[in-house]
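Scope of the values below: all heavy atoms of this structure, side chains included, with no hydrogens, waters or symmetry mates. Sequence lines set the chain letters: A, B, ... in the order given, protein chains first and strands last, and positions in each chain run from 1.
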Amino acid sequence: MARDRPDRDPPQRRPEAHRIGGGASTRHARTRWRRASHEDAPQAEHGGPPRAPEPGRHPTSPRRLRSVADRPHAVAMTTDRPVRVRVAPSPTGEPHVGTAYIALFNLAFARKNGGKFVLRIEDTDRERSRQEWEDEIIEGLRWLGLTWDEGPDVGGPFGPYRQSERSAIYHQHIELLLEKGEAYRCFATPEELAQLREEQRARKETSRYDGRWRDRSPAEVKAAMDAGLPFVVRMKMPLEGETVLFDELRGEVRIDNRQVDDQILMKSDGFPTYHLANVVDDHLMGISHVIRAEEWISSTPKHVVLYRAFGWEPPKFIHMPLLRNADKSKISKRKNPVSLLDYKSRGFLPEAVLNYLAMLGFSMPDEREMFTVEEFFENFTWDRMSLGGPTFDLAKLTWLNGRYYREKLSDDAWVKLLRDDLLSEEILRKLVPLIKERIDTSEQFIPAVDYFFSGELTYEASMLVSKGKTPKETREVLEKYGDEIDRQVDFSAPALEALSRGFAESQGWKVKDLFMPLRVAMTGRTATPPLFDTLSVLGRAKVRRRLRQAQDLLKALAEAENKKK
RNA sequence: GUCCCCAUCGUCUAGAGGCCCAGGACACCGGCUUUUCACGCCGGGUACGGGGGUUCAAAUCCCCCUGGGGACGCCA
């Protein structure tokens, strides 16, 4: 039925005049858009030309955008500048499925418009950023085949593409803002601010910086500087009025400036925050469209104000819906496998993962569910987006992946995959030393190593509980241990052993009370090769996954025991 | 709490005022096929959050309510 429907944009079907006048995006957006387009409508308080969107640009329907149909002259959102988009992950953890999701849609938009796609590494958090994470992010995105035209590994005309290498640029720009009076130094200590927040929360106010250094005299500031006090640089948010931003998917969003506090732009370690670095880099790198997750909407006013402070034209903003857990909260590793490398290690095919990601929020015009990334790019348009936050459904991904295995993979491809990915020389070389002393014939090999290859393990939950410990406390300890694993960069056996011994001690547990549950959780057995060699070979993805499984089993066990009582 | 975003089956979605007492897919249940299992095929139940408008006509446009989510960090 849908198949027969004529194409959705012929003008005779939907006259422009009607659509532009009568259509609207969401109710809110629509109202606002109307208000904003009145000549005398109050505009954003400070500076800059009014940002009222021209009619051809506003979205027009509730669940779905009508941008193309609504933009008489626009084939897409390429108005003035060449299309340049970016994905900007922070190397503070494993490559995230959300990063892949955003990257995919950025790439689609770039491809559709003959634009460039840039990878930028946002490693301004010195505490948590690690080169190893950056490597894994690149590996994960490459595995999926999401390739970028410019990036830290491939270079490009707008580099460097790693923010830690752009410090001089940020300092220049901070100077500029300071000179213009658009920013100021703040000498408040973190403790002082924490206390402020606490008081505000106690009074049930929105917690925000109170501007205590905003209007200090030059003399005071100089005195503090001369005293060598550490400081941050904050932007001056207008104290009144509202800032209007135009989201290409939602229309106008107006936010009262009183809701927005004086964002820190430069930390006391001299590194910029996301807000500064992202604005400066997006401008300097010629980014035309900022396509990012919805969670950024509420800080977009800060960015808009910053663009104005610099005297720059802001890019177009497109906020994608947030991927969700089954309970609708923002997708998280506690509730979902979230690492790209986890999917890789489980044997998901990149094509299937991309295909699945593409159908979250987007649908093909003919409603087909299986399509290649090229087909996706060809058919991609913002007006086929729906804005409700989609639940990431592993069961459906798994089904789709099964279809790819069944329908797209030849026997030859199967053999190659098995040989290269599963039973590769690299893996066998790791396994043999662990197993050879424990078996007498090669036929015992496969049964002895099965748990290195399996997904879920089968074992008695009670095996996880050491003598004198309860299922509940075991679960809690394994959960904390999982957090340690997430932070662990060096996955060698000695490093894991050191980590684990230290962890046991920190929890006040004897090592054997921790190590046996760990062994069972990892292998489903009590007799195994050395534990940390095993962990090391399993890899973080499988370790995490099995910790999660063990936690689930322990939870069920705890509940069962409670019932008995 | 304050602000912002969002709202069709349990889940992903189709839907552009009449083609819709709402279609497809996952999951679930039943059947067929099959030596078995799986795949495949056929069938089944389940949704427009509520209330007001506008209209001859509302899932669709408007308003309010409700619900969900996000943000409120010297994290991104």
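The distance from atom CH2 of A:W414 to atom P of B:C39 is 14 Å, rounded to the nearest whole Å. Regarding A:E407, its CD atom lies at a distance of 18 Å from the P atom of B:A38, rounded to whole Å. Between the OH atom of A:Y356 and the P atom of B:C12 there is a distance of 8 Å, rounded to whole Å. When rounded to the nearest whole Å, the span between CZ of A:R250 and P of B:A7 equals 9 Å. Computed from coordinates, the A:L387 CG to B:C12 P distance equals 14 Å when rounded to whole Å. A:D247 places its CG atom 12 Å from the C1' atom of B:C6, with the value rounded to the nearest Å. B:G23 atom P lies 19 Å from atom CG of A:D366, rounded to whole Å. Distance CD (A:E248) to P (B:C5): 15 Å, rounded to an integer number of Å.
B:A22 sits 9 Å from B:A47 when the C1' atoms are compared, rounded to a whole Å. Comparing the P positions of B:C4 and B:C64 gives an interatomic distance of 12 Å, to the nearest angstrom. Taking the C1' atoms as reference points, B:C12 lies 11 Å from B:A27, given to the whole Å. When the C1' atom is compared between B:C19 and B:U46, the two are found 24 Å apart, to the nearest whole Å. Here the separation of B:G1 from B:G43, taken at their P atoms, is 49 Å to the nearest Å. On the P atoms, B:U66 is 31 Å away from B:A16, given to the nearest whole Å. B:G44 and B:C9 are spaced 14 Å apart, taking the C1' atom of each and rounding to whole Å. Taking atom C1' in both B:U8 and B:U60, the straight-line distance is 11 Å, to the nearest Å.
Pairing of B:U54, defined by two Watson-Crick or G-U wobble distances under 3.5 Å, is not identified with any nucleotide. Using N1 to N3 plus N6-O4 or O6-N4 for Watson-Crick, or N1-O2 and O6-N3 for G-U wobble, each under 3.5 Å, B:C21 pairs with nothing. The nucleotide B:C3 finds its pairing partner in B:G70, both defining distances of the Watson-Crick or G-U wobble pair being shorter than 3.5 Å. Under the Watson-Crick or G-U wobble criterion, with both distances below 3.5 Å, B:G43 is paired with B:C29.
The shortest heavy-atom contact between A:P321 and A:S386 is CG-O, 3.8 Å.
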Could you list, one pair per line, each protein nitrogen or oxygen that sits under 3.5 Å from a nitrogen or oxygen of nucleotides 69-74 of chain B, together with the distance?
from, atom 1, to, atom 2, distance (Å)
B:G69, O4', A:R324, NH1, 3.3
B:G69, O2', A:R324, NH1, 3.4
B:G69, O2', A:R324, NH2, 3.4
B:G70, OP1, A:K330, N, 2.9
B:A71, OP1, A:K330, NZ, 2.8
B:A71, O4', A:S298, OG, 3.1
B:A71, O2', A:S298, OG, 3.0
B:C72, O2', A:S207, O, 2.5
B:C74, O2, A:S268, N, 2.7
B:C74, O2, A:S268, OG, 2.7
B:C74, N3, A:S268, OG, 3.0
B:C74, N4, A:A188, O, 3.2

Would you tabulate the nitrogen or oxygen pairs shorter than 3.5 Å linking the protein to nucleotides 26-34 of chain B?
from, atom 1, to, atom 2, distance (Å)
B:C26, OP1, A:W399, NE1, 3.4

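Partners of A:A358 according to the side chain to side chain contact (heavy atoms under 4.5 Å, CB included) rule, which considers only residues two or more places apart in sequence or in another chain, are A:L104, A:F371, A:F376. A:D269 is linked by a side chain to side chain contact (heavy atoms under 4.5 Å, CB included) to A:R126, A:K267, A:F271, counting only residues two or more places apart in sequence or in another chain.
Judged as a salt bridge (charged side-chain N to carboxylate O under 4.0 Å, His left out), the pairs with a partner in residues 87-105 of chain A (not counting sequence neighbours) are, in order, A:E94-A:R540.
Using modelled atom types and a 3.5 Å distance limit, the side chains of A:H319 and A:R292 yield a donor-acceptor pair. Inspection of the A:W213 and A:D262 side chains reveals no N or O donor paired with an N or O acceptor under 3.5 Å. Counted by atom type alone, A:E199 and A:Q195 present one or more donor-acceptor pairs between their side chains at under 3.5 Å.
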Under 3.5 Å, which donor-acceptor pairs link side chains of residues 169-177 of chain A to any protein atom two or more places apart or in another chain?
from, atom 1, to, atom 2, distance (Å)
A:Y170, OH, A:D281, OD1, 3.3
A:Y170, OH, A:D281, OD2, 2.6
A:H171, ND1, A:S167, O, 3.0
A:H171, NE2, A:G270, O, 3.4
A:H173, ND1, A:I169, O, 2.7

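Cation-pi geometry between A:R234 and A:Y209 is met: the NZ or CZ atom falls under 6.0 Å from the ring centre, inside 45° of the normal.
In this structure, A:Y356 has its ring center under 6.0 Å from that of A:F392.
The shortest distance between the side-chain N/O atoms of A:T391 and the OP1/OP2 oxygens of B:C12 is below 4.0 Å.
When each of A:D327, A:D552, A:D483 is paired with A:R334, the salt bridge (Lys or Arg N to Asp or Glu O under 4.0 Å) condition holds for A:D483 and for no other.
Residue A:G402 is classed as having no contact, given no heavy-atom separation below 4.0 Å to the nucleic acid. Using a 4.0 Å heavy-atom criterion, one finds that A:T124 contacts the sugar-phosphate atoms exclusively.
The 5' end of RNA chain B is approached more closely, in terms of each residue's nearest nucleotide, by A:L360 than by the other of A:L360 and A:Y274.
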